[in-house]
Amino acid sequence: MNPFETMFGREPKEYIHREEETEKIIKTFDDESSLVYLITGVRGSGKTVLLSHVSKIINERNDWIVIDLNPEQDLLSSLVSKLYVKAGVSKLFIKKNLSLSFGQISLTLTSGELLTDSESILEVMLKDLKKRNKKLLITIDEVSNNSQMKVFVHSYQSLVRQDFPVYLLMTGLYENIQSLQNEKTLTFLYRAPRIALSKLNNLSIYYSYLHVFLNAKLAEDMTKCVSGYAFAYQLLGKIVYESQLDTLCDEILNFFDKEISEYCYSKIWSECNETDKKIIKAICSTDGSNAQIMNVLQFDKSKLSVYRDRLIKKGLVESSSRGYLSLTLPRFDQYIKICDMFD
């Protein structure tokens, strides 16, 4: 069975754990130094897998309930529904003779009072959970600044002000998180701690490949090829494992380029604006120095600085040497060259 996995979000058998990031998130929740945590990073950097890993650890604790929500749905109604049917949770309310009608979400209390809005129903549920010393972790993967998210996060603030033990872990692209934070009523997200996922450790990748393929030269070449990019590490491992070849030949690299463009790069490139694309192309066509990039694009230093910083925060560019820029994604320059051929 192939130990590598390219399905987004599912934890593969051969997986490099981000222990430092995992411990940091869990410690923050345990200390209650923040009830919200944000995970950002470029597509394929491992945001969803980290979120799933943290969720799995917390879900194993008896005093926690973990609910995952779809950011494209009515988040409050979905949370009420999932919290009610979650194993062990519905029984809490059944014992109190509460009833739910999910056609139009409503809750009838034993007093006869009828609640018909999701936020009020949620408050009743959370009061009950708080009495039983249970905490709720809500996870949302790949958030964006849509109407459902704005309503939900605003309601979440209200729940926190009422001192309910409700925690929020979200992942998203840098630009989507930034857009959500910039909403006038949601600026509290600026105070939330954030992890921007960086490259995987090369030594960890090398030993992972060595463990599977038992070939030091192949493991070294593969490690250099994927350049710390989490999805590339899984994809190349899967391709080599299925090929049963012991060298990184052109056949494997060509197939790798094709697959990674379909899985990630075409989407990443489509989300770049025209100025981002011009800067990335300038990096590819020069030695990557700020001086040459400014010369090619006819940018002054301040203009380049603004766009450079944004590309770094988006995880597409890094400045490992002072005055120089390079691409973070492996063989991304090859993808761009091919795109230019057919433009």
Worksheet item: Do you reckon Leu69 sits in the same ILVMFWY cluster as Leu83, going by side-chain contacts under 4.5 Å, direct or chained?
Response: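 Yes, it is one cluster - the side chains of Leu69 and Leu83 are joined through contacts under 4.5 Å.
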Item to complete: Indicate if Tyr174 and Ile279 have the same hydrophobic cluster label, given that clusters are the connected sets of ILVMFWY residues with side-chain heavy-atom separations under 4.5 angstrom.
Response: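 In one cluster: no.
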Short N-O contact, [X] and [Y], less than 4.0 angstrom:
| X | Y | answer |
| --- | --- | --- |
| Lys127 | Glu123 | no |
| Lys258 | Glu262 | yes |
| Lys217 | Asp221 | yes |
| Glu142 | Lys47 | yes |
| Arg310 | Glu175 | no |

Practice prompt. Determine which pairs satisfy salt bridge (Lys or Arg N to Asp or Glu O under 4.0 Å) with at least one residue from residues 154-171, sequence neighbours left out, and list them in order.
Written response: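 Qualifying pairs: Lys130-Asp163.
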Within the structure provided, determine whether [X] and [Y] are in side-chain contact (heavy-atom separation under 4.5 Å).
| X | Y | result |
| --- | --- | --- |
| Leu126 | Gln162 | no |
| Ile283 | Val317 | yes |
| Lys314 | Thr40 | no |
| Ile260 | Arg331 | no |
| Cys272 | Ile280 | yes |
| Leu248 | Cys225 | yes |
| Pro3 | Tyr241 | yes |
| Val240 | Val212 | no |

In terms of side-chain heavy atoms, does [X] have a donor or acceptor partner in [Y] at a distance below 3.5 Å?
| X | Y | answer |
| --- | --- | --- |
| Asp257 | Gln334 | no |
| Gln148 | Asp74 | no |
| Ser208 | Glu14 | yes |
| Asn202 | Thr223 | no |

Worksheet item: Parallel under 30°, tilted from 30 to 60°, perpendicular over 60°: which one fits the rings of Tyr209 and Tyr233?
Response: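 Tilted, since the angle between the ring planes falls between 30° and 60°.
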Item to complete: Anything under 30° is parallel, anything over 60° is perpendicular, the rest tilted; go ahead and classify Tyr167 against Trp64.
Response: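 Tyr167 vs Trp64 ring planes: tilted.
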Discussion item. What's the separation between atom CG in Leu327 and atom OH in Tyr229, rounded to the nearest 0.5 Å?
Written reply: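 If I round to the nearest 0.5 Å, the distance is 12.5 Å.
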Discussion item. Measuring from atom OG of Ser78 to atom CG of Asp68, what distance do you get when rounded to the nearest 0.5 angstrom?
Written reply: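 Reported value, rounded in 0.5 Å steps: 9.0 Å.
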Fill in: Test ring pair (Phe, Tyr, Trp, His ring centres under 6.0 Å) applied to His17 and Tyr15, step by step
CA-CA 6 Å; His17 292 278; Tyr15 169 61; 4.5 Å; yes
Worksheet entry | Option from Lys135, Lys24, Arg61 for which salt bridge (Lys or Arg N to Asp or Glu O under 4.0 Å) with Asp30 holds |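 Between Asp30 and the candidates, salt bridge (Lys or Arg N to Asp or Glu O under 4.0 Å) is satisfied uniquely by Arg61.
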Item to complete: Provide the full list of ring pair (Phe, Tyr, Trp, His ring centres under 6.0 Å) pairs with a residue in residues 180-208, sequence neighbours left out, each pair given once.
Response: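 Of all non-adjacent pairs touching residues 180-208, none passes ring pair (Phe, Tyr, Trp, His ring centres under 6.0 Å).
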Discussion item. Strictly distance-based, threshold 3.5 Å: is any side-chain N or O of Gln298 a donor or acceptor partner for the main-chain N or O of Asn295?
Written reply: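 Answer holds: yes.
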Item to complete: Examine distances only and state if a side-chain atom of Ser289 and a backbone atom of Gln292 form a donor-acceptor pair shorter than 3.5 Å.
Response: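 Yes: the side chain of Ser289 pairs with the backbone of Gln292.
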Discussion item. Check for me whether the distance between the ring centres of Tyr265 and Phe332 falls short of 6.0 Å.
Written reply: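 Tyr265 vs Phe332: aromatic centres under 6.0 Å.
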